[in-house]
Amino acid sequence: MLFKTTEIKQPRRLRKMTCKRSRGQAVSILIVILAIFVVAPLSLFTVELVRYTLAKEQLSTCVESCALAAAATTASGNETDPILTQQSAIATAIDMFKRNSLLEQSLSDSRQSSTSVMAPAAKETLLYFEFLDPVTRQPVPLGSTRAKVIRVTASYGLVPWFASFLGWNGVFPVVETANGGLPMLDIVLCFDISSSMDDFTPVSIVDRYKGTTYNGYKIIGQGNLYNAFHCTGPTGTALNATFPQNLDANDGVYSFSSTARGTNSGAGAPGTVSSQYTDVVVNIDGTTTFSEGALVTVSGTTFVFPPGNIGCLVEAARGNLESVTVANNAKVPYVSWGIQPKPGYFNAYLKAAFECRHPIREAIDASKEFFTIMNNDCDVHFGLVTFGNGVGDSPSALCSSDVGYSTIGSITDNPSAYRSNSFPTDPLSPKPPNSEIDLIPTLGPDYSNYDQVSAAVNPLIAYGGTNISGALNCALDQLMPTSKGGEGLARKGATKAIVLFTDGLPTRSSFGGDPTADARAQAVIANQNGIPVYCIGLCMVPSLQSTQTEILTDDSSDRSTGGIAGISGNGAQFFQATNLSQLNTAFEYVARSVVQLVR
Amino acid sequence: MFRGQKRFKKIQDRGASCLEISITAFFMCVFSLIGLDVALIVLGMSLNDSACSSAARAAAKQSSSEKALQAAQSQLRIHGADGYWITQPNLESNSSPDFVFNDFGNSPPTNTSPYVTVTTSTSIKCPIPIIFFGAEFLKDGAIKYTRRYTYPIIKVKFYG
C-alpha cells in the first residue's frame, strides 16, 4: 500500500531529486557526447592543423635552401652556356633539398616534377623548377638568357594521422615556393693595369751589339720578367714586356743602356758587346728560351719566327723586319735566319706577345667571363675603372710614351695604339637603344654596358703604379648618390658593389698621402655608404702573399690596420689567387657571394 | 519510504552528483592541460624551427667554420624564450652530424654545393607529458624537440 502510494504520488522533495538525477545523467551523457563527437575531433583537427602548419614552415625553409643553392650554382658556375648552367643549378638544388628533412622524415627520395601541377603520393615530395625573367616575373624557357631568377616549387603529400577518424581520405599536398637569384646589381670593376701585371711574361733580356757585318745578340737573361731580372720587391717591376716598356726602370740586377740601344729602327746597333741590356722581348712561343719558335698568321699572311732565334724577335719588335730595305739598313742577318722581311712582322710579333702576357692576359679573360656570367645571371649594370699611376678618365685614354724615349720617335716608342685606360663614359647610365623605350625594363646588353666593358678591357696594357685609392674613389663616385657628392649613376633599389682586382699593393695615391692609408680611407667611405668592396688579389710570389692579404683581407675591419674588404664591410670578401688558373674561380666566388632570395 | 531509506537515497544522490561533477571536472582539467600542452609544444616547436632556420641561414653566409658557428649562436640568442616552460633554443653540439661546415676544400663534386648543417634543440615542459611529432621525453617531464637544417654556403672562402 505504502509502495503503491509512493508510486502514485511521490513527495515533492523526492520528485525534485529524481528530476535532478535525470538532469545529472543527461549532463553526463551530454559531456560524453561532446567529448567524443566535438572536443575529440576538434582536438585531432587542431593537431592536424598544427602538423600542416609545421610542415608548411619546414618545407618553406627547405625550399629556400634549395633555391639558394640553385642561384649560387648559377652565379658561381664557369659555364657561359645558359642551358648547361641552368641544368647544373637544378641538379645542385635537388641535391641540397635532399639533405633536409620534413616532419622528421628524410627528403632524400624527392623527385623532380616536369609539370607545375603536382600530385605527390603519400609522404612524397616533388620539386618543380622554372626560370623567370627578373623584370616581368614571367617564366622563360630553359636556356633563355633572360632566365635570371630560379623559382622552386615543392609539394609534399601530407597524410593526416587521424584521417580515417576525421573522415579525411587521401593526401593533402603542402606547397611552398621560393625564388633565388642575384639581386638587381650595379657593379664596378676596378681593374689593376700596373706594370707588374705582366711580370710573369716569358722574356729574353738582350744586348743587341754591333758585329762585323751584322748585329749580334747576347742573351743576358731569360725566364719570366720578374725572375729574369732577379726582382725581389713586393710591388713587382716597373719594366714591361710590351710597349711602352719603361726599359730604364732599372729594376732588378741588370742595367739598361739607352746609348747602346741607339735608334729603334732602320739602323744597326751602335755599341759593342757589353753586360748592359738594350732590348727586352717576349718569347712568343711561351717558353723560357724560345725553343719552339712560332708561326704567326695575321690577315692571312704567315710570319716565321725560327726556334731559338732571339735576334728575330728583337728586330721584329723594333720594326726592322718590315721591309728588305729597313732590314738591310738595320744590319739584320735575315738571310742566315732563313726569313724574308715583309710588312706586318711588327704587328705579328705584337699580336703574339700580347697573348703571352701574364698575368694580365688571364686577368682580362677572367674579367670578361665575369662580365658574361653576371650578364647572363642577373639584371646588372657594369662599370669599369682601370688604374695604374692614375685612374682612367676617358673612354679611350692612352698611356704616355716611354719616359726618356719620346724624342727618339720610332715605332716602339709610339704607344698610340695601346690603351692604358679605357672604360665607357657614364658606365652605369642605361643606354636604351631607342629614346622612346622606357628605361624599365633595363635589361640586355644595350642597358648593362656589357658590350662596352667587354670591349674596353680587351686592349689594356700593363703600365705604371698601383693607385688603389684613386680607383676606389672613382668607383664610389659613380655609385654614390648626388646627395652624398657622387654622380648618382646607380639605379634606385639596386645592390651596389665594387670588385677590386689587383696583383700588388698600393704604390700610388690620388690624394697625396700614404697609398695604403688612402686606400683604407676609401674603404671607410664605402662602408659608410653600404657598398662592399670585394677584393681579388693575385699573388704569384709566395713570400708576398701575407703582405697582400694584410691589406686586402676581410678578417680585420680596423680602419688603420685592417684589410680593404674588411673595412668596407657589408659582406665583402677577399679572395686570393696564387696561380693564374684560380683567377676565374675567384671572380666566380664574387658572383656567388651576392646571391640571395628574391621576391 | 522509511526515514533510513530516505536518508540513504539523499546521500546516494549527492554522491552521484559529486561523482558526475568530479568526472566532468577531471575531464575538463585533462582537456585544459592537454590544450596547454599543445599550445606550449606548438610554440616551442615553432620557436625552435624558426631559430634553427635563422641560424642555418646566418651560418651559410660565413666563409669559415668558426665564423659560421659564431653566426649561428648569435642568431639563436635572438630567439629568446621564457626559460622555464620553453628553454632557449641551443645548438645541439658543435660537431658532426649536428654542426657541419663542408666547403669541400673549394672543390665540391659536380652538382653539389658547399653546405652547412645546423641542429638546434629546445626543451618544452608540459603539464601533461604527451608524445608529439618525434619529440623525445626527458626525465623531468619535459620533452626535447630537435630540428636540423642544411643550407648552401654562399660566401665561400678562397685562398688559392
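What you are looking at is a predicted structure, and each value in this text was computed from that prediction instead of being measured. So you know, we letter chains A, B, ... as the sequences are listed, proteins then strands, and number each from 1.
- In this structure, the separation between OG on B/Ser50 and CD on A/Glu57 is 7.5 Å, given to the nearest 0.5 Å.
- Both the backbone and the side chain of A/Gln58 come within less than 4.5 Å of a heavy atom in chain B.
- Panel note: side chain A/Asn100, backbone B/Thr150; a donor-acceptor pair is recorded below 3.5 Å.
- For A/Thr549, the side-chain contact (heavy atoms from CB on, under 4.5 Å) partners at least two apart in sequence or on another chain are A/Thr553, A/Phe574, A/Gln576, B/Tyr159.
- In this structure the side chain of A/Ser88 reaches within 4.5 angstrom of the side chain of B/Asn111, judged on heavy atoms.
- In this structure, the salt bridge (charged side-chain N to carboxylate O under 4.0 Å, His left out) partners of A/Arg99, at least two apart in sequence or on a different chain, are A/Asp95.
- Listed in order of number, the residues of residues 60-81 of chain B that approach chain A to under 4.5 Å between heavy atoms are B/Ser63, B/Lys67.
- With rounding to the nearest 0.5 Å, the separation of CD1 in B/Ile154 from CG in A/Leu68 is 4.5 Å.
- Of all residues spanning residues 59-66 of chain A, those with a heavy atom less than 4.5 Å away from chain B's heavy atoms are A/Thr61, A/Cys62, A/Glu64, A/Ser65, arranged by number.
- A/Arg592 and B/Ser113 make their closest contact through NH2-OG, 3.0 Å (heavy atoms, listed as atom of the first residue, atom of the second, distance).
- Each of A/Ala72, A/Ser581, A/Ser101 has some count of heavy-atom pairs under 4.5 Å with chain B, and the biggest count is that of A/Ser101.
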